[in-house]
Structures are given as structure tokens and as C-alpha cells.
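Written out below as C-alpha cells is the structure these notes cover.
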Number of protein chains: 2
Amino acid sequence: MKKKLSIVDIANSLNISKTTVSFILNGRAQEKRISEELVKRVLEYVKEVGYKPNSLAKSLRTGKSHIIGLLVQDISNHFFATIARQIEDLAYKNGYKIIYSSTDNDTQKTQELITMFRERHVDGYIITPPDGIEDDISDLIRDGFPVVLFDRYLPSVPTDYVVVDNLFSTYNATQYLIDNGHKNIVFITYSSIQTQMIERLEGYEKAMHQSKLKTSVTEIDFYASADSIVKLILDFFEQNKDVDAILFGNNHLGKCGLKATRKAGKRVPEDIALIAFDDYELFELYTPAVTAIAQPISEIADNVINLLMERLNTTTEEQKKQHITLATELIVRDSSK
Amino acid sequence: MKKKLSIVDIANSLNISKTTVSFILNGRAQEKRISEELVKRVLEYVKEVGYKPNSLAKSLRTGKSHIIGLLVQDISNHFFATIARQIEDLAYKNGYKIIYSSTDNDTQKTQELITMFRERHVDGYIITPPDGIEDDISDLIRDGFPVVLFDRYLPSVPTDYVVVDNLFSTYNATQYLIDNGHKNIVFITYSSIQTQMIERLEGYEKAMHQSKLKTSVTEIDFYASADSIVKLILDFFEQNKDVDAILFGNNHLGKCGLKATRKAGKRVPEDIALIAFDDYELFELYTPAVTAIAQPISEIADNVINLLMERLNTTTEEQKKQHITLATELIVRDSSK
DNA sequence: GTGAAAGCGCTAACAA
DNA sequence: TTGTTAGCGCTTTCAC
């Protein structure tokens, strides 16, 4: 293994001090009035021997790591994966790397991850917070770390965040079903106290109440397996023959619902209309093509990174926290008639 | 921001030396014959004040970071996302964190990423290598870093790797189509010199040759957009009316092919039979349900991590590189008749 | 304009 | 059994 060069090696080879090398490498030559000729000589030599500063040592000294900690609920979920991908790209363009992990919506795991990120001296955090994590996020903010939440927020903790207009999304979708003559509309969701789920529920309820229709909500345990979710929905069909439309609270439930509807032998949309949350490429090709509430993935990623970069680049302490709410789009296809 | 405690603070508060604290914290108390009572006192105090060692400083000193660099082709691709997720979980169980990034199959980007990973002192690398990266991987190995490749390998570079039996996968799928009476079977793939794509092509050709059928291969540029791929396939249909079956070389092509088939108004499998590479949850629900070659995702992740951990934990230099080839499964559904 | 030296927090050889 | 001390590679103050 070839010996890694250090700044001292460079300084010695050039018969100058490492301070000078450091200044030149950090673009402070002008300020320090170092001769152009020396600067050139150093830069050329550095390039020639392929010297790379040890960023670990640099971080230890400066306290900055140029690493962003990204905690998503589950990187294997399409929604989070595509957002993570874009966040990654944008972060790199800004000179930052990403350390990421999936929280599984598990509070304790998330706490451990935050601790690990702190140990690693990450400069900023992007998090889809599970509930119960309020104190840890507060600590982060109190200690001066930039934190941007997305997908949901924590009502009791003032932070920057980027979310979509969940309430309007489901309100609008429900209203669409109502306008198409559906009456027994069910909302299948997770039993969750997270803001995005609560708002989606509220949107559904608001539309139903406005039309004086009876609401029917099925709440499923977040940790239920895909198979058991399908089974639950099948049971539900069994006991509720008159349901004529379903709105799903998130993408995983939508997929399971599709499976259950198929298994139950129901015709879509004749027997039952369906609207999913989050759009998938394949929904378009499904028979019938699935109507879905599409979140603006690129916009979410853009806003998250911009917010974080803003915080990272300003030293001014307490600014007002920014709350960004983006619009979703109801993509009407065949499953909702 | 509350002052971060250092090991010196702990030592001073307890009126002992930081060496002692360091030994105790690193589980070397026994070995150093430090009194149980002292150990207990230190551990309790550390816990009480919530002291966390600065892992950056530790890394600088030890040269180990307990971070694994993961480079996948594209984290937003379902196949890579699910594997990344499992690798992440398994890595954490082994006390390692992951820094990841997507290569986009871009050689230069990958080189830069490897450089960044090196700067960050990652302990090991898991990579889906783009072509042209041979030298960089060789350097990594020469310099003693554990490297595990997956999904494909580099024939000219001896490394550990985990792949699937691509040749048999497509051979088997093609054979299946032949057995079902198809003759004009097309293989739609990327023009790529990567091993996995080459082998998939070979499997198809082998089966066709064995049955004395004429091969027909459509190679698509890797960087083509989804829309242009769909268009290409539509054009192809236009010019080749007699095609009665298509085998797709990877998941993205499969999705585009599905879209194109739908647009062309072809009936599946009556007019044309389809087999995709990589299975998706929704394939089962598609009409008709899509036949697919499923890769053993968990097994791949397991083997990758095990291989890497083995390398990480053994100091013995040159061991023989391990090549692991896993079986795929042809999941027969309706689209292939 | 340039250099000496302190120190970021930690580990480990060596002393005591 | 415990403490002293020398770095790991870098930045930055202060002196020349």
C-alpha cells in the first residue's frame, strides 16, 4: 500500500512550511500575500504527486464534515428512494456527501442513528421523523444543527420542513369520487399520529361531511405484513358488501389493496372504484389504469436541499423557520371511473 | 450549544489519566488489569454525563472508520434499492455504517466517488462497477481495501463478487418460450459490455441456437430516456410484425416494453408473449400477470455483506478471491402463455 | 510573505 | 495497575 502523502511531505519536498501549503490549498494565498510563483509551484506539485488532503483530519480540526445525514423511513420504498436519489444528486452538486439510513419508523432506531450521525459530525440533517422523536430533534436544533424535515413534521417542534398538501389531496380525491356518484367511500389508512396521515384522514372526512355522507375508516397497524394487510382488506370486503369506492392512505396500502381487490374478484371500477396515494410507473399500465394522487418528488427534493443549503451557508442564528407545502396532483385514470 | 465532553474531561473529573479511561472504554480493562471497581466507576460516570467518544478523532488515530462505501448504479431502481436496504440493515448489525451513492454507470462519476470514499477513510467497498473502472478497482485492492462487487464483475480484475447465473436465467426463459411454441423470439437489451448483460445475451443465443432458431437482438443505448425506449420498441413492432415473443434484458427495459406493447395494442400473450427480468410486486396484478426472472435479492445482500465482513475481519493478506453465483427463479405467470 | 507551534480528541508504546 | 507522552494530518494564531 503506497504511503499516503501528508501536507508535511509536500512542504518538505518543496522546502517550505506546511502553513504556506495549507494557505495555498485553501485559497488564502492572496489574502496572505503569497507570491504567485510559489502558489503555482505548489499547486503543480500537488497535482503531480496526486496529494489529497486528509478530510478526516480537516474535519477534526474545523468541525465541519461536509456530510449530510439523511434519514428516510424506508429506502426500499419507491417514494423515498426516488427522493433520496435526487437529494443525493443535489447534495453532491453542492459539495456535500450523504450518509443515509432507514428509520423503519422506529423511534429507538432513529435515536441511535441520530447519535451516530452526531458522532460522525454530520453538518446537517434531513429527516422523515417517526413520532416520539421530538426531544431528539429539539436537541439537535438547540445545539445549532440545521435540520430539515420532510413528508411530515412535528407540531411541537419548530423546524424547517417540506410537506405536501395532504389534506387537500385526499379531500380532492374524495370529492372526485363523490362527484362520480360514489357514496360508500372507505378510507384505508394506517393507525398513525403522524401529521401526514392525520391530514389525509381529515381531508377525506371533510369531503364526506360536506356531502353529508357517512365516513368509514379502516386503520391498519403500521407493522402489519403485506400478507396480513391483504387479508384484512379481504375480510373487510366480506363484511361490507356495499362499499363502492376506496381511497388508500399511502402507497403500500394501495398496492395491498390492489392485490386484495383482485383476489376478491371485484371488477374495477364497476364494482368498486380505487384511488391510490403516490403514483407508480406501472399504474398507468395496470388494467384498469390506476388513479393516483401523485406527489411532486423533484420539487420536494429541491426544496429540501435548498432549505438545508441556506441554513448551512448562513451563520446568522435564529431565523424564522420555513414551512413549505407543495401541491399534489390527482392523476385520473380508469380505476376511479 | 453545550460543550462536547472529551476523554480528558472524563479523566480530570475522575482524577485518573485518559489512558485508563481509553482502555476501559475500549474493553481492554481486563487485559490491562484495571480494577473492577475503577472500571465500574468510569462506566457509570460516562453514562451519567452522556459522554460519547469523538469517532472522527478515533478514526484519525486508528485509520478505521467503520464505514462502508456502497456504490450502486441507481438507488431509485427497485432492484438496487431493495438490495441497498438489506445491505444497510446487515451492515448496521455488524457495527458498520453505510455511505452510499449512485454511479449512473458513469465511469468518471464513479472515479470521483471512489476518491471521496478514500478521503473519508471508508473501511470497505461494495460496488456495482461501470465499465472502464478497472484500474481504480485494482488500485483499491492493491492498497489493501476489501472490495466486493455485485450484479456484475470485471473479468480483468480479480475481486470477490456476488452475481446471479445470468446465462442460465435467459437460457431457461428462452427455452421456456420455445417450448411453448414461440419461434420469433426477440431479446431486447442494452448495448453494454458489462458481464451481466453479455451473459444474458449469451443465454438467449444459446437457447435459440440449440433449437436452430434465428436470433433477433435489439440493443438500446443505456442513456436513452424511457420515452425514447418506448418509441424504439414501437418502431420495432412496426417493422417486425411477425415477432411472437420478447425477452427483456433488465427491469427498466421490461417496464418500457410493457408500455410499448400496450400502446401498440397487442394482446398478451395471444399476439406476443413477454418475459421480464427482475420481478415486481405489481407484475402479479398486471393483466395479464407478467412472467419474470426473479433475482434472489436477500441472498445477494447476505452474501455481499458476509464476504465483506470476512475480509474486514481477517488480517491475513492474499486469500483467494471468492466468486459467488446465485440462482434466479423463472416465475411463470400469464404473459408468457 | 513565511514559518513555528499549539491543539482538535483519540490511541498506544513506554515508563513508573 | 496507572500515567506520560508522542503522534494521526490538518488549520490558524502569532511572531519574524
Side-chain angles (χ1 to χ4, degrees), chain A residues 1-43 45-46 49-67 118-123, chain B residues 1-43 45-46 49-67 118-123:
Chain A
M1 176 157 175
K2 85 180 155 202
K3 176 76 173 52
K4 192 87 169 28
L5 291 166
S6 86
I7 197 168
V8 179
D9 298 322
I10 305 294
N12 287 342
S13 304
L14 260 32
N15 279 319
I16 53 175
S17 113
K18 59 175 180 168
T19 310
T20 311
V21 179
S22 172
F23 282 147
I24 294 177
L25 259 28
N26 290 300
R28 301 179 57 187
Q30 193 107 41
E31 167 191 344
K32 294 289 170 186
R33 302 140 131 305
I34 295 171
S35 69
E36 286 205 9
E37 184 218 10
L38 217 204
V39 170
K40 201 173 146 204
R41 202 149 61 87
V42 170
L43 256 26
Y45 183 70
V46 159
V49 298
Y51 162 71
K52 301 272 178 215
N54 180 324
S55 42
L56 230 49
K58 195 167 180 165
S59 292
L60 180 60
R61 185 61 230 241
T62 61
K64 297 264 144 275
S65 63
H66 275 249
I67 291 189
R118 285 188 80 138
E119 281 177 27
R120 276 279 138 199
H121 289 204
V122 308
D123 292 344
Chain B
M1 177 156 174
K2 85 180 154 202
K3 177 75 174 53
K4 194 89 174 13
L5 291 166
S6 88
I7 196 169
V8 179
D9 299 322
I10 305 294
N12 287 343
S13 305
L14 260 33
N15 279 319
I16 55 175
S17 116
K18 59 176 181 167
T19 309
T20 311
V21 178
S22 173
F23 281 145
I24 293 178
L25 258 30
N26 289 302
R28 300 179 58 188
Q30 194 106 42
E31 168 191 343
K32 294 288 170 186
R33 303 138 130 310
I34 295 170
S35 69
E36 287 205 8
E37 183 219 12
L38 217 204
V39 171
K40 202 173 144 203
R41 204 149 61 87
V42 170
L43 256 27
Y45 183 71
V46 160
V49 298
Y51 163 71
K52 300 274 177 215
N54 180 325
S55 41
L56 230 48
K58 195 169 180 164
S59 292
L60 181 60
R61 183 62 229 240
T62 59
K64 298 264 144 274
S65 64
H66 275 248
I67 291 189
R118 285 188 80 136
E119 281 178 28
R120 276 279 137 199
H121 289 207
V122 308
D123 292 343

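In this text the structure is predicted, and so the values were computed from the model without any measurement. Hydrogens, waters and symmetry mates are skipped; everything else that's a heavy atom, side chains included, is used.
When the nucleotides dT2(D), dT2(C), dC10(D) are ranked by their closest atom to the side chain of Ser35(B), dT2(D) comes out on top. With dC10(D), dG3(D), dG1(C) as the choices, the nucleotide that has an atom nearest any side-chain atom of Asn54(A) turns out to be dC10(D). Comparing dT11(D), dA4(C), dG3(D) by their nearest atom to the side chain of Lys58(A) picks out dT11(D). Closest to the side chain of Thr19(A), out of dA4(C), dC10(C), dC10(D), is dA4(C).
Contact of Arg33(B) with dT1(D) (side chain to base): no donor-acceptor pair of N or O atoms is detected under 3.5 Å.
Distance His66(B) NE2 to dT11(C) C1': 14 Å, rounded to the nearest Å. What separates CZ of Phe23(A) from P of dC14(D) is a distance of 12 Å, to the nearest Å. Going from atom NZ of Lys52(A) over to atom C1' of dG9(D) covers 16 Å, rounded to whole Å. We find that NE2 of His121(A) is positioned 9 Å from C1' of dG9(C), with the value rounded to whole Å.
The structure places OG of Ser55(A) at 10.5 Å from CG of Leu60(B), a figure rounded to the nearest 0.5 Å. To the nearest 0.5 angstrom, Lys58(A) atom NZ is 5.0 Å from Asn26(A) atom CG. Distance OG1/Thr62(A) to CG/Asp123(A): 8.0 Å, rounded to 0.5 Å.
Of all non-hydrogen atoms in Ile34(B) and Phe23(B), the two that sit nearest each other are CD1-CB, 3.9 Å.
Residue Ser22(A) is classed as a base contact, given a heavy-atom separation below 4.0 Å to a base. Looking at heavy-atom distances under 4.0 Å, Leu60(A) makes contact with a base.
Between the two ends of the helix from dG1(C)-dC16(D) to dA16(C)-dT1(D), each summarised by a five-pair axis, the helix axis turns through 50° (rounded to 10 degrees).
In this structure, Ser13(A) contributes its side chain and Asp9(A) its backbone to a donor-acceptor pair below 3.5 Å.
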